[in-house]
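Taking it in order: structure first as structure tokens, then the write-up.
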Amino acid sequence: MMNYTCPPQQQQQQVEQKTIAVPPEAIAFCIGKGGSTIAPLRDQFKCRVEFSNDYGTATVRPFSRTPDGQPIDPETAMHNSEQMALAIQGLVAEYYRQKQMQPVRQQFQQQQYASHPQQMQQQQHNRVVPVPPAAIGFCIGKGGCTIAPIREQYQCRIDFDKDHGSASIRPMSRDMDPSMVEYNISQVALAIEGLINQWHVQQQQRAAEAAANVMQ
């Protein structure tokens with residue numbers, strides 16, 4: 001059993017509640033390591049979120065007051081609740097998208113290596129990660145501000161290719177221990193997949209906000 005509660009910044013009374021179906025296998029993905037995925041959404045939409053692995057649900061309760069004590073009107077609270085629910089549904093969709101992409105990713109890598117058999121030995125520690133072309137700018141960040149810290153931390157070279165929708169990862173130095181090289185490359189791949197996930201959530205939030213504005 002895994003019940004996870006995103007703690008509010010202060011005790012506040014909830015004014016609205018939504019319960020969303022979340023498959024148990026997707027809950028950890030929605031939460032993120034140490035709450036890294038759900039926490040920014042919680043803070044953005046000022047909602048308390050409780051996941052239940054037993055029932056396969058996420059319960060969303062918006063706060064009635066801001067962290068500094070200012071009241072939140074019921075209409076805004078309801079809007080926050082709806083936006084949080086949409087964000088969680090987007091995370092669930094992204095979880096299954098990534099799950100479906102795993103065999104595609106493996107096939108993509110095999111094709112890359114098969115097209116250059118003479119380089120297979122040299123590139124045994126290289127990795128190619130599929131990246132939606134539209135998400136590449138988000139992954140890089142303005143002036144490289146997003147990808148640069150990842151590159152420096154794991155000592156990897158990262159080349160994005162918009163034409164093929166991919167990111168090629170390779171170590172800066174081949175003098176490192178092979179197991180450390182593989183670990184660093186795996187961490188970079190995970191970081192890029194996390195950025196893609198954030199990009200998808202952002203796109204879904206923008207679409208939801210645009211739809212809400214049209215309805216007003």
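Note that the coordinates shown come from a computational prediction; the quantities given were computed from them, not determined experimentally.
- The distance from the CZ atom of F45 to the CD atom of E82 is 11.0 Å, given to the nearest 0.5 Å.
- M84 places none of its side-chain heavy atoms less than 4.5 Å from the side chain of Q44.
- Between S186 and R127, the side chains place a donor N or O and an acceptor N or O closer than 3.5 Å (distance only, hydrogens not considered).
- For the pair I196 and P130, the tightest heavy-atom approach, listed with the atom from each and the gap, is CD1-O, 3.6 Å.
- When all heavy atoms are compared, the tightest approach of L91 to F29 is O-CE2, 3.4 Å.
- Nearest heavy atom pair, residue G144 against residue P149, reads O-CD, 4.3 Å.
- Annotation for E75: atom CD does not count as buried by contact number, only 12 or fewer foreign heavy atoms lying within 6.0 Å.
- Linking Ile, Leu, Val, Met, Phe, Trp and Tyr whenever their side-chain heavy atoms come within less than 4.5 Å leaves V49 and L86 in two separate clusters.
- A pairwise comparison of heavy atoms in E152 and Q155 identifies O-NE2, 2.8 Å as the closest pair.
- Cluster membership for W199 and I158, using ILVMFWY side-chain heavy atoms within less than 4.5 angstrom, is shared.
- When each of L41, V201, I38 is paired with I88, the side-chain contact (heavy atoms from CB on, under 4.5 Å) condition holds for I38 and for no other.
- Two residues are said to be in side-chain contact when any heavy atoms from C-beta on lie closer than 4.5 Å; S64 and I72 fail this criterion.
- With values rounded to the nearest 0.5 angstrom, E193 atom CD is found 9.0 Å from E94 atom CD.
- Between T57 and V22, the closest side-chain pair of non-hydrogen atoms is not below 4.5 Å.
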CA sep, side-chain torsions, deciding dist, call: C156, V188, side chain to side chain contact (heavy atoms under 4.5 Å, CB included): CA-CA 8 Å; C156 284; V188 171; 4.0 Å; yes
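- To the nearest 0.5 Å, atoms CD1 (I192) and CG (N197) are separated by 14.0 Å.
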CA sep, side-chain torsions, deciding dist, call: R157, I169, side chain to side chain contact (heavy atoms under 4.5 Å, CB included): CA-CA 6 Å; R157 193 176 185 87; I169 308 167; over 6 Å; no
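- A distance of 11.5 Å separates CZ of R151 from OG1 of T146, quoted to the nearest 0.5 Å.
- The closest side-chain donor-acceptor pair between H164 and D161 falls under 3.5 angstrom.
- For the pair V60 and Q17, the minimum side-chain heavy-atom distance is 4.5 Å or more.
- Expressed to the nearest 0.5 Å, how far SG of C139 lies from CG of L195 amounts to 5.0 Å.
- Using a 4.5 Å cut-off between side-chain heavy atoms of Ile, Leu, Val, Met, Phe, Trp and Tyr, with links allowed through other members, V129 and Y183 fall into the same hydrophobic cluster.
- Closest approach of F63 and C47 over heavy atoms only: CZ-C, 3.9 Å.
- Separation of atoms CD1 (I31) and OG1 (T37) is listed at 9.0 Å; rounding is to 0.5 Å.
- Connection of F138 to I147 is established within a shared hydrophobic cluster, with ILVMFWY side chains joined at heavy-atom distances below 4.5 Å, either directly or through further cluster members.
- What you find for V92 and C30 is that their closest heavy atoms are CG2-SG, 3.9 Å.
- Side-chain contact of S52 with D54: a donor-acceptor pair under 3.5 Å is absent, judged by distance alone.
- In this structure, Y96 is not a member of the same hydrophobic cluster as L190, with clusters built from ILVMFWY side-chain heavy atoms closer than 4.5 Å.
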T59 vs R48, side-chain hydrogen bond (donor to acceptor under 3.5 Å, both in side chains): CA-CA, chis, key distance, verdict: CA-CA 8 Å; T59 302; R48 182 184 181 90; over 6 Å; no
